[in-house]
Visitor: 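Take this structure first; my questions come after.
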Amino acid sequence: KMVLAQVVYQGKNDSEDSGLRFATCQLLWKQINSETEKIQEELNKQLFDNLIHFLRQSHSELQTKKTEWMCRMKSSEIPTAALVLGVNVTDHDMTFKSLSEVLQDNVTPYVVSLQAKECPGIKHLLQKLMGQLMDCNVDVDSSEEEECVNISQKKIRCSMASLSKWYESVTKKTDSETPSKKRTSSSRHWQSPPIVVIFKDMESFTTKVLQDFIVISSQHIREFPLVLIFGIATSPMIIHRLLPHSVSSLLCIELFQSLSCKEHLATVIDKLLLTTQFPFKLSEKVLQVLINIFLYHDFSVQNFIKGFQLSIVEHFYSQPLSVLCCQLLEAKKRVNSLSHNQCENIRSLPSFRRYVESQVSEKQIALLTEDSFLKEVTQTLLEDLHIYHENYFTVLRCLHVFTTSLPKYPLGKQIRELHCACLGKSVWETEEYESAIQLLRMLAKDELVAILQKCAEIFISSSGKQFSNTVEKLEEFLARFQNLEETSEVQDVSVSSQKELQKTTDLYHLQKTLLALKESKRSKKLTKFEMLRFEVVDFIDSLVRSYLAPAEMQTLNEVVYFNTANTLREHLNAAPRIALHTALNNPYCYLKNQTLKSDVGCISNTAPDICIVYKLHLECGRLINLVDWLEAFSTVVTAVEGTDPDAVATDQVDEIIHARFIRAVSELELLGFIKPSKQKTDHVARLTWGGC
């Protein structure tokens, strides 16, 4: 939000196109938000459908199978869904929000979401439960004698008996409605809809609260339909660890597993990054920063998306030419309206300089001096960049199909790993690629044909116009494989090669097997199958070399690619100790007040009290004498007031200065720099050492 505000401010004051950049950034932000919500909905659809089926099954037993339901009621079992969501806790809120909306739209209006921090006791849990069901305000700080909620100026006691009476009155009111109203409500909700209680973070609830609620609910399950949903981040076994058998036996539990966060991330990257739908792109280093934060910090897909959106804002704020980071047709229109300063910005781009240097001298002069000619060339270059992305993503998916069929995944199992390898440098120059090519030359016929069929489908569905010949070539390869008369020798070689590769479990034996096969093939003539296989691999290799060139080698890549990874890392990887030290040691860095400027090693008498106290404490040892510290603080402070420091005695320190010192020391203790010492009552112990 702060950066967006800066963009707005800049649009009003400094740059001539900042307003347009901000509008483009805002539009792209909205489009990505819409796409991420669509992705989330598609990924959760199967899970939510299974949950609704479970609720319908439990509800039908209540409505139709009376004898079977009564048998269950004798044991007082509560239908319970154990929803395992994974350790990416920060993503759970959005999942539960979507689940609540789906249930309220299609199943029941009575959906309650509870968090452990809001329910320290059974009283608070019941208050939250009834408060959400009855749409009323609940005073959770009320005393034990006032366990009730206010509804239409009437007090209702928070208990399961009150909830049962309320549910009975609500369902009776629904049954007594006119047929037209009843028909519209029943089209969305079931008859006698169940009460669904969602425990968002089951592991955080205390055992006593869960036990009490389950035992009380089981005693009233005959009076109204109740379904529990446990949100679990770790393992379903946590239910049996938190609840004794006597309590867990009151639950009829069914397990549901959500999509893993890694699969979720793969889908997000595929839909947001590996597509031409959005013109904005991430460089290899920036993408690696976001992936590393995901893998080594929180496994949160939502935080990955936030980092992606932050990259968008930073790019539009820091890159003046980001005004051209939009759809191709719109970008061409905007090129025509570029000012002379913006044309100079294009000429200063490193990729454009390389392009100019590769041209003949006459064209170089025209590009550097004529704005109209520059605009024409810029339109062509932007179109070339768009075509590059279309071809790049298509060939990347084709290469991924080949590499994922290999043992050990030399270029990575996920397409994001292959994408990072291709973005950073020429992938065909790496050892991993050479290893992959050697392995591809040993694929069996059936496997190779299946891979070629998948690649043909990818190229057919591609929007690139240059792949018609590629599709024809792949279909030709498939036809030749069909017509190929295999000899037993070909089969034996292929099968033995595959068996040898499957037996290898480490890199040393894999290399040894490859060298042995290479030597054996030198000594004998290649079969027709092997020659065709080599031809296929060489063709794929030529596609890689033609279309998977690094993005940084493309002209005008700076317009659409965000590559300042350090800036993004500073925003996302917080370093509070460094920031705190900088703020206390050099307050000018954040406050930008000229009076706070001071030389290195000096203590400015105009600095805030806590900064003065902090700098003085850096000069002390393990134990700090409070009296000496106060005298030093008084000396620095009185210097700004024009008082002679020597005239101020220890026992004559001004009370105001004394109070300021006590407050500053208390703030340092709160920040964790010092603590009281048990060795000497008039000393404090220092807790931090070394530089930042």
Side-chain angles (χ1 to χ4, degrees), residues 51 54-55 58 72-93 95-96 99-100 110-133 138-149 157-164 194-258 299:
L51 280 169
F54 168 74
L55 292 173
S58 302
R72 175 178 291 182
M73 289 308 97
K74 289 178 182 178
S75 61
S76 302
E77 288 186 352
I78 306 173
T80 304
L83 181 56
V84 182
L85 296 174
V87 296
N88 51 327
V89 181
T90 51
D91 295 342
H92 293 184
D93 282 340
T95 303
F96 283 123
L99 176 60
S100 299
Y110 313 127
V111 180
V112 178
S113 297
L114 301 175
Q115 286 183 293
K117 63 182 181 181
E118 299 173 345
C119 307
I122 186 64
K123 178 193 71 172
H124 299 80
L125 190 150
L126 291 175
Q127 287 175 335
K128 282 289 180 184
L129 174 64
M130 298 186 69
Q132 290 189 37
L133 284 176
V138 181
D139 183 12
V140 295
D141 296 327
S142 60
S143 61
E144 294 292 334
E145 293 78 9
E146 297 180 351
E147 299 176 10
C148 53
V149 296
R157 186 175 181 81
C158 291
S159 65
M160 293 306 262
S162 303
L163 181 60
S164 177
I195 296 177
V196 180
V197 182
I198 302 174
F199 293 85
K200 288 185 175 181
D201 47 351
M202 184 194 177
E203 291 95 338
S204 301
F205 279 86
T206 59
T207 303
K208 188 176 186 313
V209 171
L210 288 175
Q211 288 185 25
D212 292 346
F213 179 74
I214 292 170
V215 171
I216 295 171
S217 300
S218 65
Q219 296 171 358
H220 294 81
I221 192 65
R222 300 177 184 86
E223 301 168 8
F224 59 88
L226 176 67
V227 179
L228 305 182
I229 297 179
F230 290 154
I232 300 173
T234 53
S235 167
M237 291 302 296
I238 193 66
I239 297 176
H240 302 288
R241 292 177 185 172
L242 287 175
L243 304 175
H245 177 71
S246 59
V247 178
S248 61
S249 61
L250 301 176
L251 304 175
C252 179
I253 302 174
E254 187 166 336
L255 183 64
F256 297 88
Q257 180 75 50
S258 69
F299 286 104

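If you read the sequence from its start, that first residue is 1, and numbering goes on from there.
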Visitor: Does any part of the side chain of I198, heavy atoms only, come nearer than 4.5 Å to the side chain of S100, both counted from C-beta?
Guide: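 Yes, side chains in contact.
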
Visitor: Can you tell me how far apart CD1 (I232) and CG (L255) are? Round to the nearest 0.5 Å.
Guide: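 Those atoms lie 7.5 Å apart.
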
Visitor: Which atoms form the tightest heavy-atom contact between E77 and S249, and what is the distance?
Guide: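 What the structure gives for the nearest pair is CG-O, 4.0 Å.
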
Visitor: If I take atom CD from residue E254 and atom CG from residue L55, how far apart are they, to the nearest 0.5 angstrom?
Guide: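 Nearest 0.5 Å value for the CD-CG distance: 10.0 Å.
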
Visitor: CD of Q127 to OG of S159: how many Å apart, nearest 0.5 Å?
Guide: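 Going from CD on Q127 over to OG on S159, the span is 11.5 Å.
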
Visitor: Mind jotting down which residue pairs meet the side-chain hydrogen bond (donor to acceptor under 3.5 Å, both in side chains) criterion with at least one end in residues 82-92? Sequence neighbours excluded, please.
Guide: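 Non-adjacent pairs meeting side-chain hydrogen bond (donor to acceptor under 3.5 Å, both in side chains): N88-D91, T90-S300, D91-S300.
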
Visitor: By side-chain contact (heavy atoms from CB on, under 4.5 Å), which residues pair with Q115, not counting sequence neighbours?
Guide: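 Applying side-chain contact (heavy atoms from CB on, under 4.5 Å) to Q115 gives D93, K117, E118, K200, D201.
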
Visitor: To the nearest 0.5 Å, what is the distance between OG on S217 and CG on L129?
Guide: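 With rounding to 0.5 Å, OG (S217) is 8.0 Å from CG (L129).
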
Visitor: Okay, side chain of Q132, backbone of S113: is any donor-acceptor separation there less than 3.5 Å?
Guide: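 Checking the backbone N and O of S113 against the side chain of Q132, a donor-acceptor pair under 3.5 Å is found.
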
Visitor: Over all heavy atoms of both residues, which pair between H220 and A161 is shortest? Give the atoms and the distance, please.
Guide: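 Heavy-atom minimum between the residues: NE2-N, 4.0 Å.
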
Visitor: For the residue pair V227 and P194, what are the closest heavy atoms and their distance?
Guide: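 Nearest pair, atom of V227 first, then P194: CG2-CB, 4.2 Å.
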
Visitor: Could you measure the distance from the CG atom of L228 to the CD1 atom of I214? Nearest 0.5 Å is fine.
Guide: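 One gets 6.5 Å once the value is rounded to the nearest 0.5 Å.
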
Visitor: Are side-chain heavy atoms of M160 and F224 found at a separation under 4.5 Å?
Guide: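 With C-beta onward as the side chain, the pair touches.
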
Visitor: Closest approach of V84 and T234, non-hydrogen atoms and distance?
Guide: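 Shortest heavy-atom contact: CG1-O, 4.3 Å.
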
Visitor: Under the rule for side chain to side chain donor-acceptor pair (under 3.5 Å), what residues qualify as partners of T207, not counting sequence neighbours?
Guide: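 T207 satisfies side chain to side chain donor-acceptor pair (under 3.5 Å) with no other residue.
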
Visitor: Could you tell me which non-hydrogen atom of C119 sits nearest to which non-hydrogen atom of L125, and how far apart they are?
Guide: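 Residues C119 and L125, closest heavy atoms: SG-CA, 3.8 Å.
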
Visitor: If you look at every heavy atom in L133 and V111, which pair is closest and at what distance?
Guide: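 Between these two residues, the closest heavy atoms are CD2-N, 4.5 Å.
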
Visitor: Looking at residues at least two apart in the chain, or sitting in another chain, which of them share a salt bridge (Lys or Arg N to Asp or Glu O under 4.0 Å) with K208?
Guide: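 For K208, the residues satisfying salt bridge (Lys or Arg N to Asp or Glu O under 4.0 Å) (neighbours in sequence not counted) are D212.
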
Visitor: Taking only residues two or more places apart in sequence or in another chain, which ones pass side-chain contact (heavy atoms from CB on, under 4.5 Å) with I253?
Guide: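 With sequence neighbours excluded, I253 shows a side-chain contact (heavy atoms from CB on, under 4.5 Å) to T80, A82, I239, L251, given in chain and number order.
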
Visitor: Using the ring-ring contact (aromatic ring centres under 6.0 Å, His included) rule, collect all pairs that involve residues 227-248, keeping only residues at least two apart or in two chains.
Guide: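 Residue pairs with at least one partner in residues 227-248: F199-F230.
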
Visitor: If I take atom CD1 from residue I78 and atom OG from residue S58, how far apart are they, to the nearest 0.5 angstrom?
Guide: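 Answer for the CD1-OG pair, I78 versus S58, is 11.5 Å.
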
Visitor: Sub-3.5 Å donor-acceptor pair from the side chain of E203 to the main-chain atoms of I238, do we have one?
Guide: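 Not confirmed, E203 side chain does not pair with I238 backbone.
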
Visitor: Less than 4.5 Å apart, any side-chain heavy atom of E223 and any of L163?
Guide: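 Answer no - side chains too far apart.
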
Visitor: Yes or no on ring-ring contact (aromatic ring centres under 6.0 Å, His included) for F256 and F54, after CA distance, side-chain angles and deciding distance?
Guide: CA-CA 10 Å; F256 297 88; F54 168 74; 5.6 Å; yes

